[in-house]
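What follows is a short report on a single structure.
Small disclaimer: the values here were computed from a predicted structure and weren't measured.
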Amino acid sequence: MPTPPISLPRASRWRSVRERLASPRAAPFAALLAVLLTAPSLLAGMAFDDFFQKLRAQGADPFGHHRLDIFDFCWDASDVELGRQSGMFPWFMQDHSRLAFLRPAASVTHYVDYNLWPNHPWLMHLQSLLWYGVAVLLVCILYRRLIGPVWVAGFAAFLYACDEAHALPVAFLANRNAIMALAFGAGALVAHDRWRRDGWRAGAGVGPALFAMALLSAEASIGAFAYLIAYATFLEPAPLRWRKRLVSIAPYAALLVAWQTLARSLGYHIEGSSIYVDPAHEPLRFAVVAPARAIALITAQLWGPPADVWNLVPRAPQIALAALGLVLLSMLMRVLVPLLRRDATTRFFSLGAVLALVPICATFPSDRLLLFVGVGAMGVIARVVGAHVENEDAKPPHSLRWAAKALTAIWLVTHVAIATLAKPAVSVIPYFAREYTERSTDRMTRGTPPREQHVIIINAPNFLLAAYRWSIPRDGVDTAATAHVLSLSMDSVEIERLDASSIVVRTRGPFLSEMSAQLFRSDREPLVLGEKASFHDISAEVSEMGPHGLATGVTFRFAKPLSDARYRFVAWDGEGFVELAMPAEGFTVRAGKDRAAWLLPEGS
């Protein structure tokens, strides 16, 4: 069926749009747009890890680590013990746990921030914005070099610039490492392409040098190597044999192996955590958790909702979202297969995105991980839309034509209309997260407690919510001398008073089911009956097990009677931490609210 004629005014407007997208100025304009959409992050201030890293950079770190080793959160048993005693780590964290990342290039930028303008967070955010602008510009240059027609490359650049998944890594200072990895990684891809296609010999050295800087910025840079593999597979000259194709990316592979070997030999890795799974050292476990994480991530990248939603909703909504995502993915594959057969560039972006998806499945799904996946995803989306608009398939089946129209409509809504509105809002999430943390504890800290007082947090929905408020000193915020979290639960907990100085805390589900608990302890090493731990002047013992062999009750014994003035007991009630009176001996009380009561408005 021939394409219906387009009215002259409409055709004129469409021609103007195409000319603008094909303009050489499209790439810098897209980079500027990306920066403007995330510019509200200049007001975001500091949040969460930023405070810890500021202490480290200024030499006030309680662990005594090197001031440039900013991403080493926990190194050995002595760190674990110090963290347990101070309340910075939970009592159930094991001695062999380690949370350490080798990111020296990113660490240097934070060292500069916290020592040259420590009281001006907007300058720190400005640096992140500049890195982001460079990164997006280089990605847009890559699109322009690889995608045709040129207006389709401009459309891909526009989509990438609007992607709201970038907002949080730009706005969260501690996540700058990922933006730097993107900037250096995209630069390496451009240099590699210039070497291989234009004969720019310097690219043979510039590309690996930039890739080395990407590796020194963040492990997220493995995503750039995914596209190098895809380039050797699909974009090298056709007569070139596989051996020579592999030789072209051998320097990058050698750098990747050297970086991983160096990091591991120096002790930089994750151990004792369920959230982080190293595919190189735990391949079977990674194979178990990766599929679900991959579905959440690719669904979020292609049409939403944000991958972070998967961490908040119960199993049933997750299954529904996964089913919808797979239906849409099957529709995309139906449209994409003919394009993959005839277009090497589409194959390049598709393979690159899929390979870049693999390493980020090592941790929990989050939009902030999608920087490299988005490079390929937006390239594919732009090619699908471009092929549909240009009528590249002269006689497409009726169902295929309508599938392409439906996908185009979905993408224009999600990646243009919604994304351009959401990106500025997401850019200030660190500000609201900090405000929420402080507001949720205001009732507790109003009339600041004496420094010698010991705050006992019976239950918290998230460990970091409590730990960052009370355990890490910050400018202008006085904190109690010590504070410890006894249990982590988004539901209410039961407290039974055994005697003058002992209580049992019981959770509705497994004691370590809350997500932040899994950051500090692997589910391969669950709490066992009789397991004990001591922290400050409290001892804990696992005393009750649930039907599946998982701990549901822990007995806590205090050095002083619970009525001692030094103790201040608080519990989470859905809106914040409130003071809690301990029950009389032999009695039981329930602290907090179940998540249904505080996540849903009253009367719903």
Please check if any side-chain donor atom of [X] sits under 3.5 Å from a side-chain acceptor atom of [Y], or the reverse.
| X | Y | answer |
| --- | --- | --- |
| H192 | Y231 | no |
| N177 | S217 | no |
| D163 | Q301 | yes |
| Y268 | D69 | yes |
| R383 | T345 | no |

Taking the side chain as C-beta and beyond, is there a heavy-atom pair between [X] and [Y] under 4.5 Å?
| X | Y | value |
| --- | --- | --- |
| F73 | D49 | yes |
| K423 | P40 | no |
| L256 | Y252 | no |
| Y143 | M378 | yes |
| F71 | Q53 | yes |
| W411 | L332 | yes |
| I222 | W259 | yes |
| V206 | W200 | yes |

Which atoms form the tightest heavy-atom contact between [X] and [Y], and what is the distance?
| X | Y | value |
| --- | --- | --- |
| A57 | I70 | CB-CD1, 4.0 Å |
| L407 | V335 | CD1-CG2, 3.9 Å |
| L173 | H110 | O-CE1, 2.9 Å |
| L138 | A183 | CD1-O, 3.3 Å |

Quiz item: For the residue pair F158 and W151, is the inter-centroid distance of their aromatic rings smaller than 6.0 Å?
Solution: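 When the ring centroids of F158 and W151 are compared, they turn out to be at least 6.0 Å apart.
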Supply the atom-to-atom distance [X] [atom1] to [Y] [atom2], rounded to the nearest 0.5 angstrom.
| X | Y | atom1 | atom2 | value |
| --- | --- | --- | --- | --- |
| R285 | S522 | CZ | OG | 4.5 Å |
| C361 | I298 | SG | CD1 | 9.5 Å |
| R347 | L339 | CZ | CG | 9.5 Å |
| T414 | L159 | OG1 | CG | 9.0 Å |
| D198 | D193 | CG | CG | 6.5 Å |
| L43 | H125 | CG | NE2 | 8.5 Å |

Tell me whether [X] contacts the main-chain N or O of [Y] through its side chain, where contact means a donor paired with an acceptor under 3.5 Å.
| X | Y | result |
| --- | --- | --- |
| Y227 | G376 | yes |
| S41 | S427 | no |
| D523 | Q518 | no |
| H415 | L302 | yes |
| R56 | D72 | yes |
| R98 | G267 | yes |
| R144 | A22 | yes |
| Y160 | L371 | yes |
| T38 | A34 | yes |
| R521 | Q94 | no |

Self-check item: Within 6.0 Å of CZ in R20, more than 12 heavy atoms from elsewhere
Solution: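 Incorrect, the count does not exceed 12.
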Quiz item: Would you say Y431 has more than 12 foreign heavy atoms packed within less than 6.0 Å of its OH?
Solution: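 Count not over threshold, so no.
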Exercise. Quick one: do L336 and V380 satisfy side-chain contact (heavy atoms from CB on, under 4.5 Å)? Show the steps, please.
Key: CA-CA 9 Å; L336 191 58; V380 169; 3.8 Å; yes
Practice problem: Report the C-alpha separation of M180 and R103 in whole Å, then their side-chain angles, then the decisive distance to 0.1 Å, and conclude whether the side-chain contact (heavy atoms from CB on, under 4.5 Å) test is met. | Solution: CA-CA 10 Å; M180 294 177 62; R103 301 168 178 171; over 6 Å; no
Practice problem: With R201 as the cation and W195 as the aromatic partner, state whether NZ or CZ is under 6.0 Å from the six-membered ring centre and within 45° of the axis. | Solution: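 Ring-cation test returns no.
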Quiz item: What's the verdict on side-chain contact (heavy atoms from CB on, under 4.5 Å) for D278 and I270, showing C-alpha distance, side-chain angles and the deciding distance?
Solution: CA-CA 8 Å; D278 188 344; I270 306 299; over 6 Å; no
Quiz item: Among L255, L189, I249, whose side-chain contact (heavy atoms from CB on, under 4.5 Å) with F211 holds?
Solution: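 Among L255, L189, I249, the one meeting side-chain contact (heavy atoms from CB on, under 4.5 Å) with F211 is L255.
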Quiz item: Should the pair F520 and F89 be assigned to parallel (<30°), tilted (30 to 60°) or perpendicular (>60°) ring geometry?
Solution: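 Tilted.
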Quiz item: What orientation do H65 and F63 show, parallel under 30°, tilted 30 to 60°, or perpendicular over 60°?
Solution: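 Judged by the thresholds at 30° and 60°, the geometry between H65 and F63 is tilted.
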Exercise. Run the salt-bridge test on R434 and D50 with the 4.0 Å N-O cut-off and return the result as yes or no.
Key: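 Result for this pair is no, no salt bridge flagged.
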Exercise. List the steps, then state whether side-chain contact (heavy atoms from CB on, under 4.5 Å) holds for L55 with Y114.
Key: CA-CA 9 Å; L55 289 176; Y114 294 130; over 6 Å; no
